[in-house]
Amino acid sequence: MTELPFARPENFEHCVACATPGEAHWFVFRGDQLLVEMGPLEVPSDDLRVRARPAWARLPLQKSHDWLAGKALRTLYLGVLNGTQCWAAELPKEAEPPAGMSWEGLRTLFTVLDDAHFALAGRAVQLVDWDRTHQFCGRCGARTEPHPEERVRVCPGCKLSAYPRVAPAVMALVWRGSEILLARSPHFPPGMYSALAGFVEPGESLEQCVEREVGEEVGVRVRNIRYFASQSWPFPHSLMIAFVCDWESGEIRPQEGEIEAANWFKVLQLPKLPSRISIARRLIDAVSAEMRGEKPQ
Ligand SMILES: [Zn+2]
């Protein structure tokens with residue numbers, strides 16, 4: 001199986017400190033928008049949330065470490081990709097892009113930006129968000145400090161450590177005979193369906209989470225839960241862990257407020273699906289191919 005989007009690139013070495021800042025790829029964010037040089041928005045998109053993709057896009061590669069001229073709210077060293085330094089930074093909400101550059105969302109840049117750069121952008125946006133939201137200690141309120149060797153902010157007063165957050169969430173594709181169960185949440189683009197998903201609660205295993213989420217969202221009991229794959233998901237800081245499971249009993253009863261519609265779909269008559277950016281699509285495509293008797297890709 002080829003790597004899913006946002007997987008750590010080959011030839012990337014994660015580091016926290018840099019002795020001699022030099023020429024670097026820069027992952028500069030304004031909120032969740034990335035600073036890129038890019039062509040016109042004219043390429044059709046497979047993502048119902050994205051109107052069009054740019055013809056091309058690339059990250060700024062800068063020789064001078066001070067190219068943002070002191071405007072950055074924060075600057076984080078990410079590490080080294082193929083021998084080139086990678087830095088992340090955040091500019092204020094109202095910041096105009098430097099000449100020849102634009103702000104663009106990650107979903108729009110999928111398949112356009114270099115794959116390794118796209119993956120590191122997903123990492124960078126999470127680290128910038130973590131740094132922004134952990135400036136003060138959650139226990140005593142004192143200002144935290146970055147640790148010189150580890151990706152953690154530490155409270156000098158009470159020593160509480162704040163590591164980057166990753167929120168595990170399961171995704172479940174329920175299989176019954178020649179059909180799969182797909183559902184839509186009220187915030188999905190019109191017509192789009194996907195597999196069920198939900199966050200893991202403290203005190204439950206991933207398998208228990210699958211059983212609970214499927215039960216809560218559509219009122220169906222499942223068995224034979226099989227691991228499929230996992231994906232880092234930077235919207236805003238999840239780890240998606242996907243499973244396939246078999247229907248055991250129960251008819252679909254969509255959970256009010258959470259599930260707008262849910263149905264059994266034949267694999268030859270699937271509705272609009274999520275973009276290939278997400279593990280949801282990989283999961284649905286893989287199971288559909290298996291049900292059609294095709295070899296997995
Ligand atoms: Zn503290």
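If you read the sequence from its start, that first residue is 1, and numbering goes on from there. Each ligand, and each atom within it, is numbered from 1 in the order the structure gives.
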Sorted by chain and residue number, the salt bridge (Lys or Arg N to Asp or Glu O under 4.0 Å) partners of D285 (sequence neighbours excluded) come out as R281
Sequence neighbours excluded, which residues qualify as salt bridge (Lys or Arg N to Asp or Glu O under 4.0 Å) partners of R184?
E260
Leaving out waters, which are not shown anyway, how many protein N, O or S atoms lie closer than 2.8 Å to the Zn ion (ligand 1)?
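For the Zn ion (ligand 1), protein nitrogen, oxygen or sulfur atoms under 2.8 Å: 4.
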Partners passing side chain to side chain contact (heavy atoms under 4.5 Å, CB included) against V152 (at least two apart in sequence or in another chain):
H147, E150, V154, S161, Y163
Using modelled atom types only, decide if a donor and an acceptor are shared between the side chain of Q231 and the backbone of I277 within a distance under 3.5 Å.
yes
CG/L182 to CG/L273 distance, rounded to the nearest 0.5 angstrom?
6.5 Å
Answer yes when D114 and R58 have at least one side-chain N-carboxylate O distance shorter than 4.0 Å, and no when they do not.
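The answer is no: the pair does not qualify as a salt bridge.
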